[in-house]
**Student:** 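Dropping a structure here in C-alpha cells format, bear with me for questions.
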Amino acid sequence: MTVITRFPPSPTGKLQIGNVRTALFNYLFARHHNGQFVLRIEDTDRERSTDANIQVIFDALEWLELECDNKDDVVYQFSRRDHHAEIAQKLLDSGQAYKCYTSKEELAELRTAAEKNGEHFIFKSPWRDKDPSEAPSDSEPVVRIKAPQTGETTISDLIQGDVTVSHDTLDDFILLRSDGTPTYMLSVVVDDYDMGVTHVIRGDDHLNNAFRQQLIYKAMGWDAPYYAHVPLILGSDGKKLSKRHGAVGVAEFKEMGILPAALRNQLLRLGWSHGDDEIISDAQAIEWFDLDGVNKSPAKLDYDKLLNLNGHYIRESKTEDILPLVQQHLGEIDTDLLERALPALQERAKTINDLAKSAEFYFKTPPLIMDERAQKAIEKEYAPLVVSKAITLFEETDTLDTETAQSIIQSIMDQNDMKMSQVGPLLRAALCGTMQAPDLSVVISILGKDVCLERLRSINTN
RNA sequence: GUCCCGUUCGUCUAGGGGUCUAGGACGCCGCCCUUUCACGGCGGAAACACGGGUUCAACUCCCGUACGGGGCACCA
C-alpha cells in the first residue's frame with residue numbers, strides 16, 4: 001500500500017502554526033513511508049475563501065519547503081461540490097440518508113430549550129422515519145445521514161489509541177444543506193476517498209468528527225482511512241493559541257527573521273521526540289518520524305527555544321544562503337562587503353533581523369553616531385593619542401588582513417604601555433560606533449584601510 | 001452541562017514495574033573564556049497533580065478526585 005497523506009487548509013486567513021505542524025507531520029509521515037503528500041484547498045466557505053488567502057497557503061508551504069506531490073493538480077474542494085451532492089443522492093437512494101424539513105429556526109429553538117433545562121441536545125428528526133409523501137412542498141429540506149442509534153463504535157487512532165463512542169451521542173448530521181451544497185463532513189470524506197488518502201493526520205479537534213465521517217464510509221461501503229489525531233498547540237498560558245501569545249501565522253515567523261529549518265525543527269519537537277535529540281536534520285526527521293512517537297497531550301510553543309534553535313541554524317547556514325535574506329533588510333549596499341562581514345556576524349545572531357541590524361555599522365558613513373557605550377569609550381582621556389597613533393600605523397601599512405590588524409593593535413599597546421582593555425574598546429567605538437561587533441582585527445580587515453582611516457579621522461576632527 | 005482526551009523541572013521532553021539519589025534541551029543563576037556582544041566550557045536551582053488500590057516493589061498498571069484541552073452548527 002502506498003501511503004497517501006493530505007493537508008487540507010481552508011483559505012480563510014493566515015496559515016496558523018498549529019496547522020503547519022500537522023502539515024509537517026503529514027509530510028514527514030508520507031516521506032518516511034515513500035508515500036505521497038497531497039494538498040487540498042477547502043474553499044467551500046464562499047464568504048471567507050479568497051484567492052489572496054489561497055496564495056497565503058502556497059507561499060507558506062513554499063517557504064517552509066514542504067513540497068506536496070500534487071503541485072500541478074491541487075484539489076479545490078468547492079469545484080467538486082456536484083460530485084459530493086451525487087454521493088448524498090446515492091445515500092438517499094439506498095435509504096441511508098433522508099430529507100429533513102425541520103427549519104434552522106425550529107432547530108435553534110429546540111436547542112436553546114434543551115440547554116435551558118441543562119440537557120444534552122441531540123436532535124432527533126421527525127422526518128427520519130416519515131414517508132417522503134408527507135413532505136411539505138413549500139420548503140427545501142436538508143439531507144441528513146441515518147446514524148445508528150444503538151451500539152458503539154471504536155476507532156483505533158494511531159495516536160490516541162482505541163477511542164470508543166456510544167452511538168447515542170451521534171446525531172443525524174447534515175450532508176447537504178437546504179441550498180443543496182455539501183457540508184464539510186460529506187466533502188472531506190468523499191475527497192479523501194477519491195484522492196486515495198490512506199492516513200488522515202490532523203488536529204485533535206477533529207477526533208469527534210472521525211466517528212461521524214466513518215459513518216459515511218460505512219454507508220458507502222468504502223474502507224475508512226487510518227486516523228491519527230495530533231494534540232493541538234497551546235499558547236504559553238495553556239489557552240488556545242491566539243494573537244496575544246505572539247506570532248501564530250507562518251508569515252509572522254518569517255517576518256521575525258526565523259529560518260524555515262528552525263521552525264520545522266521546533267515544530268517537530270512539539271509532541272514528538274527521538275530520544276534526547278534536539279537538532280534534527282530534514283533527512284533524520286524523515287528517517288525517524290513515525291506516529292507512535294507522537295504524544296497525546298497538547299504542547300505549548302516555546303519562543304525562547306525557537307530563537308535558540310534559529311541561532312543555531314543561522315550559525316550553520318552557508319553565508320551565500322542567508323546573504324539575500326539579510327540584504328532585504330539593508331537596501332542598496334555593497335554586497336561584497338556584506339558577504340565578507342556576515343560569517344563573523346552569524347556567530348552571534350538569533351534572527352535574520354538581528355543579523356541585519358548587527359551588520360549596519362559596516363555601511364555607515366562617518367562621522368559615526370556613537371551609541372551610549374561607544375560614546376563613553378571614546379571620551380577616555382587617552383583617546384586622541386590612541387586614535388592618532390592608529391591613523392599613523394594604518395597609513396603606513398599596505399595590506400590589512402587580520403594578522404596585520406592584530407599587530408597594529410599590538411604596536412599601539414606596546415608603544416604606549418597600554419592594555420588591550422584600554423585600546424580595544426576605544427578602537428571598537430571609533431571604528432564601529434557600537435560596542436557590539438565581532439573581533440576587532442576581523443572588523444578592521446573587512447572595513448579595509450581606507451574606511452578605517454576615514455572613520456578614525458572623523459573622530460579626530462570632532 | 002455532556003461526550004472524548006490528557007497531566008514528569010517555568011517550557012519542550014526521555015523514561016512504560018526494580019538500574020530513578022528521574023536524564024537531555026531551552027530559559028534562569030554562578031564561574032571560566034574575553035576588547036564588546038555572542039559562541040563555547042564547567043557548575044547550580046528546578047518535576048513524576050492528588051488520593052486510593054494491585055504488587056515484595058509503582059513515575060511506570062487499575063480506580064477515583066482535581067485541574068487542563070477538545071467536541072457538541074444548514075463553519076471548516
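Model, not experiment: these values are computed from the prediction. Only this structure's heavy atoms are used, side chains among them; waters, hydrogens and symmetry mates stay out.
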**Student:** So A:S178, base contact, sugar-phosphate only, or nothing? Heavy-atom distance under 4.0 Å.
**Tutor:** base
**Student:** Side chain of A:D304 only, please: which of B:rC26, B:rC74, B:rC12 is the nearest?
**Tutor:** B:rC26
**Student:** Using the C1' atom on both, measure B:rC59 against B:rA14 and round to a whole Å.
**Tutor:** 12 Å
**Student:** Pick one: which of A:Q214, A:H167, A:K218 meets side-chain hydrogen bond (donor to acceptor under 3.5 Å, both in side chains) with A:T153?
**Tutor:** A:H167
**Student:** With nearest nucleotides of RNA chain B determined for A:S297 and A:M435 from heavy-atom distances, which residue corresponds to the more 5′ nucleotide?
**Tutor:** A:S297
**Student:** Can you see if the side chain of A:K296 gets near the phosphate of B:rG6 - specifically, an N or O under 4.0 Å from OP1 or OP2?
**Tutor:** yes
**Student:** If I take atom CG in residue A:D204 and atom C1' in nucleotide B:rA76, what distance separates them, rounded to the nearest angstrom?
**Tutor:** 16 Å
**Student:** Roughly how many Å is it from CD in A:Q422 to P in B:rU34, rounded to a whole number?
**Tutor:** 17 Å
**Student:** Using the closest heavy atom to pick a nucleotide of RNA chain B for each, name whichever of A:G293 or A:E140 lands nearer the 5' end.
**Tutor:** A:G293
**Student:** Picking from B:rA76, B:rC26, B:rC4, which would you name as closest to the side chain of A:M185?
**Tutor:** B:rA76
**Student:** Touch check for A:L176, heavy atoms < 4.0 angstrom, all strands: base, sugar-phosphate only, or nothing?
**Tutor:** nothing
**Student:** For A:S358, report the nucleic acid contact type (base, sugar-phosphate, nothing); a contact means any heavy atom under 4.0 Å.
**Tutor:** nothing
**Student:** Name the nucleic acid region contacted by A:G311, choosing base, sugar-phosphate or nothing; use a 4.0 angstrom heavy-atom cut-off, strictly under.
**Tutor:** nothing
**Student:** Taking any heavy-atom pair under 4.0 Å as a contact, classify A:T44: base, sugar-phosphate, or nothing.
**Tutor:** sugar-phosphate
**Student:** Counting only Watson-Crick or G-U wobble pairs whose two distances fall under 3.5 Å, which nucleotide matches B:rA25?
**Tutor:** B:rU11
**Student:** Indicate, with a heavy-atom threshold strictly under 4.0 Å, whether A:D302 touches base, sugar-phosphate, or nothing.
**Tutor:** base
**Student:** Should the pair A:R46 and A:F78 be classed as cation-pi, given the thresholds of under 6.0 Å to the six-membered ring centre and 45° from the axis?
**Tutor:** yes
**Student:** Choosing from B:rA76, B:rU36, B:rU13, which nucleotide comes nearest the side chain of A:Q77?
**Tutor:** B:rA76
**Student:** From CG of A:L307 over to C1' of B:rA38, roughly how many Å is that when rounded to an integer?
**Tutor:** 13 Å
**Student:** Is A:H229 touching bases, backbone alone, or none of the nucleic acid, heavy atoms closer than 4.0 Å?
**Tutor:** nothing
**Student:** Using a heavy-atom cut-off of under 4.0 Å over every strand shown, decide if A:P8 touches base, sugar-phosphate, or nothing.
**Tutor:** nothing
**Student:** From CG of A:N209 over to P of B:rC5, roughly how many Å is that when rounded to an integer?
**Tutor:** 16 Å
**Student:** If the condition is ring pair (Phe, Tyr, Trp, His ring centres under 6.0 Å), which residues does A:F7 pass it with, not counting sequence neighbours?
**Tutor:** none
**Student:** Base, sugar-phosphate, or nothing: which does A:S49 touch, judged by heavy atoms less than 4.0 Å apart?
**Tutor:** nothing
**Student:** Between A:D277 and A:I280 (side chain of the first, backbone of the second, donor and acceptor by atom type, cut-off under 3.5 Å), is there such a pair?
**Tutor:** no
**Student:** Taking A:T183's backbone N and O only, do any of them form a donor-acceptor pair with A:S187's side chain (distance below 3.5 Å, no angle check)?
**Tutor:** yes
**Student:** Using both distances under 3.5 Å as the test, list the Watson-Crick or G-U wobble partner of B:rC42, or none.
**Tutor:** B:rG30
**Student:** Please determine whether any donor N or O and acceptor N or O are separated by less than 3.5 Å between the side chain of A:R428 and the base of B:rU35.
**Tutor:** yes
**Student:** Could you tell me how far apart A:Y227 (OH) and B:rG70 (P) are, to the nearest whole angstrom?
**Tutor:** 22 Å
**Student:** Under the 3.5 angstrom rule, does the side chain of A:S178 hit a backbone N or O of A:E140 as a donor-acceptor pair?
**Tutor:** no
**Student:** Using only side-chain N and O atoms of A:S273, determine if any of them is under 4.0 Å from OP1 or OP2 of B:rA14.
**Tutor:** yes
**Student:** Does A:E42 reach a base, just sugar-phosphate, or nothing at all? Heavy atoms under 4.0 Å.
**Tutor:** sugar-phosphate
**Student:** Spell out yes or no: do the side chain of A:R348 and the base of B:rC37 have one donor N/O and one acceptor N/O closer than 3.5 Å?
**Tutor:** yes
**Student:** For A:L207, which contact category applies under a 4.0 Å heavy-atom criterion: base, sugar-phosphate, or nothing?
**Tutor:** sugar-phosphate
**Student:** Between A:N208 and B:rC3, is there a contact of a side-chain N or O with OP1 or OP2 at under 4.0 Å?
**Tutor:** no
**Student:** Does A:R144 reach the main-chain N or O of A:S125 with its side chain, forming a donor-acceptor pair under 3.5 Å?
**Tutor:** no
**Student:** Tell me whether the rings of A:F289 and A:F29 are parallel (<30°), tilted (30 to 60°) or perpendicular (>60°).
**Tutor:** perpendicular
**Student:** For A:Q266 and B:rG27, give me the distance from atom CD to atom C1', rounded to whole Å.
**Tutor:** 13 Å
**Student:** Can you figure out which of B:rC12, B:rC37, B:rC39 approaches the side chain of A:Q436 most closely?
**Tutor:** B:rC37
**Student:** Hunt down the Watson-Crick or G-U wobble partner of B:rA47, both distances under 3.5 Å, from any strand shown, or write none.
**Tutor:** none
**Student:** Look at the side-chain N and O atoms of A:R202 and state whether any lies under 4.0 Å from the OP1 or OP2 oxygen of B:rG70.
**Tutor:** no
**Student:** Given the P atoms of B:rG15 and B:rG52, what is the spacing between them in whole Å?
**Tutor:** 29 Å
**Student:** If you only use heavy atoms from C-beta on, which nucleotide in B:rG69, B:rC37, B:rC12 is closest to the side chain of A:L234?
**Tutor:** B:rG69
**Student:** What does A:K350 touch in the nucleic acid at a heavy-atom separation under 4.0 angstrom: a base, only the sugar-phosphate, or nothing?
**Tutor:** sugar-phosphate
**Student:** Using atom OH of A:Y101 as one end and atom P of B:rC74 as the other, report the distance to the nearest whole Å.
**Tutor:** 17 Å
**Student:** Write down the partner of B:rU2 under the Watson-Crick or G-U wobble criteria, each distance required to be under 3.5 Å.
**Tutor:** B:rG71
**Student:** Would a 4.5 Å heavy-atom cut-off, applied to side chains only, mark A:I145 and A:M185 as touching?
**Tutor:** no
**Student:** Given B:rC39, is OP1 or OP2 found less than 4.0 Å from the side-chain N or O atoms of A:R315?
**Tutor:** no
**Student:** Of the nucleotides B:rC74, B:rU35, B:rA76, which one has an atom closest to the side chain of A:L440?
**Tutor:** B:rU35
**Student:** Between the base of B:rG71 and the side chain of A:D205, is there a donor-acceptor distance below 3.5 Å?
**Tutor:** no
**Student:** Which is true for A:V142 with a 4.0 Å heavy-atom rule: it touches a base, it touches only sugar-phosphate, or it touches nothing?
**Tutor:** base
**Student:** Identify the residue among A:R340, A:Q346, A:E339 that makes a side-chain hydrogen bond (donor to acceptor under 3.5 Å, both in side chains) with A:T319.
**Tutor:** A:Q346
**Student:** Quick one: look up who B:rC59 pairs with, Watson-Crick or G-U, both distances under 3.5 Å, and put none if it's unpaired.
**Tutor:** none
**Student:** Just call it for A:A437: base, sugar-phosphate, or nothing, with non-hydrogen atoms closer than 4.0 Å on any strand.
**Tutor:** base
**Student:** Which nucleotide wins on minimum distance to the side chain of A:P298, given the candidates B:rC74, B:rG6, B:rC12?
**Tutor:** B:rG6
**Student:** Taking only N and O in the side chain of A:N295, is any of them less than 4.0 Å away from OP1 or OP2 of B:rA14?
**Tutor:** yes
**Student:** Mind calculating the distance between CD (A:Q160) and C1' (B:rC4) to the nearest angstrom?
**Tutor:** 9 Å
